[in-house]
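A quick write-up on the structure given underneath.
Each chain gets a letter, A, B and so on, in the order the sequences are listed, and its residues count up from 1.
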Protein chains: 2
Amino acid sequence: MPSSHPTTDRRAALKERHRRDIVAAAAALLEETGGLNFTIEDLAARADVSRRTVFNHFASLSDVLAAVFDDVMGGLLACYQAQAPLDAGGRAWAGVDAVFDELAAALRATDLVPSMSYLTRSLIGEKERSPWLDGVLLRVLEDGGLRLAAAMRERRPRVDPLEIDLLVNTVIHGVLVVHRHWYEATDAADDDASRVVWSGLVERFLSRLRAGYGPDPGPS
Amino acid sequence: MPSSHPTTDRRAALKERHRRDIVAAAAALLEETGGLNFTIEDLAARADVSRRTVFNHFASLSDVLAAVFDDVMGGLLACYQAQAPLDAGGRAWAGVDAVFDELAAALRATDLVPSMSYLTRSLIGEKERSPWLDGVLLRVLEDGGLRLAAAMRERRPRVDPLEIDLLVNTVIHGVLVVHRHWYEATDAADDDASRVVWSGLVERFLSRLRAGYGPDPGPS
DNA sequence: TGCACTCGGTGCACCGTTGCACTCGGTGCA
DNA sequence: TGCACCGAGTGCAACGGTGCACCGAGTGCA
């Protein structure tokens, strides 16, 4: 088959559709049950596939959940990639401060409140938080961080990889802290008032990172 | 698997759904194109299956069309079976006149106008009639007639099978003649006026059959 | 009149799903 | 404390669908 034909064949389309349906079903069930209060049987029925098919697509339930969270968190990476397109010339010589500015711009530009709200509802339902589920989320954040760092190194090849890794790690875990404060202030609402709080916290976080933790050099 | 489980499994459900989708797609394309103005490729695309799958379910296009027509004509057999349920006692000794009355009742009770209208539009589109397609319809009528006769013999085992076969054959071909006259009078419309014409023609047809073709015995 | 094309139909290998029996870990209860 | 049950996860075979190359009949055109 000539590879110039851009559309996948029916087999590939079916496979992809089933994979998406499983992830979407898991996302729905997480939200509806407030966490891991469903079985693989429930998930399969909701996705309209067999139990075996779930395991054909994913090695385990934690892989399904990882895909769910990955979808949810995908907006930040996409926004960063939009902020710093690959084909922009003359940026290879810039320092980590430039990388920081691009990431900061992406963080400001991305509306993370829906994702945060969803994750909060899914992870903190009427039952106690599941450490296992938190572990899945952490893994996704780490994986996402790795991809984000890779995207940065691709765009800024002369910046010290350690600086990039430190930056990404700091930002991701910083966002988790921002989330906790945001949650306490807004009860994870997904509305305009909640967005104002989120933006304020993000600004304080980014300002602190920019300024660093050394002694304040004072007005000059 | 215990056969007490009444619902089919997912495989069987998928298979049946694809078979139904193919038949439904063929019915739609016959109507939309006014006959055989589509390809197997069109049919497969409309049914959302592959070309090969069509031939997995049906030996040929004529078999698909036979299924379409069979669905369309199925109402009469179902109505007859409702008119003359199997478990009704004491009817085995009746004659062919009783069988005729049951069939006549079914013919009166079944609204055949939608089916007739559909078949007319499908078989007589903007192009010339297809003798091949007419042949498929005839085959379906014959098959349907065989099943109708079998249902009658099951209910009236003491009636001469020849009498039953003659009756069924006469009624089916009579309905075709009724259709032609109805078509000329109504242009195959599917509306109340068209139903009135159909019923009138059916009554004349049934009266003639009941009275027979001997000399009129006159008023007595 | 020969050739190229279309389309119905076919054989075969492969893919993805499914059914089902099974294992193992966790849990609850008598 | 042992047993029964539940549910995640697994291996394997079968099923249904799919891709693709092919054949043959029919058709249109140079």
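In this structure, A:I22 atom CD1 and C:dG16 atom C1' are separated by 11 Å, rounded to whole Å. For the pair B:K15 NZ and D:dA14 C1', the interatomic distance rounds to 12 Å; values are reported in whole Å. The distance between atom CG of A:N56 and atom P of D:dG11, rounded to the nearest whole Å, is 11 Å. Computed from coordinates, the A:F58 CZ to C:dG16 P distance equals 14 Å when rounded to whole Å. Note: CG (B:L36) to C1' (C:dC7) measures 13 Å, nearest angstrom. Look at CD on A:E41: it is 14 Å from P on D:dG9, rounded to the nearest Å. Distance B:F55 CZ to D:dT18 C1': 14 Å, rounded to the nearest Å. Following rounding to the nearest Å, B:D21 (CG) and D:dG16 (P) show an atom-to-atom distance of 16 Å.
Here B:R156 pairs with B:E102 in a salt bridge; the nearest charged N to carboxylate O distance falls below 4.0 Å. Between B:D165 and B:R153, at least one side-chain N (NZ, or NE/NH1/NH2) sits under 4.0 Å from a carboxylate O, which counts as a salt bridge. Salt bridge B:R46/B:D21: absent, no basic N to carboxylate O contact under 4.0 Å. For the pair A:R139 and A:D70, the salt-bridge criterion is not met [side-chain N within less than 4.0 Å of a carboxylate O].
Between the OG1 atom in B:T186 and the CH2 atom in B:W198 there is a gap of 9.5 Å [rounded to 0.5 Å].
Within the 4.0 Å cut-off from OP1 or OP2 of D:dG17, at least one side-chain nitrogen or oxygen of B:H18 is found. Between A:H57 and C:dG16 there is no side-chain polar atom (N or O) within less than 4.0 angstrom of OP1 or OP2.
Among the nucleotides C:dT17, C:dG19, C:dG11, the one closest to any side-chain atom of B:R52 is C:dG11. You'll find that the side chain of A:V49 is closest to C:dT18, out of C:dT18, D:dT18, D:dG9.
A donor-acceptor contact under 3.5 Å links the side chain of A:R51 to the base of D:dG9. Checked by distance alone, B:R11 brings no side-chain donor or acceptor within 3.5 Å of a matching partner on the base of D:dG17.
Within 4.0 Å of B:A59, counting heavy atoms only, lie sugar-phosphate atoms of the nucleic acid but no base atom. Looking at heavy-atom distances under 4.0 Å, B:T53 makes contact with a base. Note on A:R10: only backbone sugar-phosphate atoms sit closer than 4.0 angstrom, heavy atoms only; bases stay farther off.
B:S50 and B:T53 share a donor-acceptor pair across their side chains, judged by distance under 3.5 Å alone.
For the pair A:T39 and A:L14, nearest-nucleotide mapping onto DNA chain D gives the more 5' position to A:T39.
The partner of C:dT23 is D:dA8, judged by Watson-Crick or G-U wobble contacts that both fall below 3.5 Å. Pair assignment for C:dA30: D:dT1, on the basis of Watson-Crick or G-U wobble contacts that are both within less than 3.5 Å. Taking a pair to require two hydrogen-bonding distances under 3.5 Å in either a Watson-Crick or a G-U wobble arrangement, C:dC15 pairs with D:dG16.
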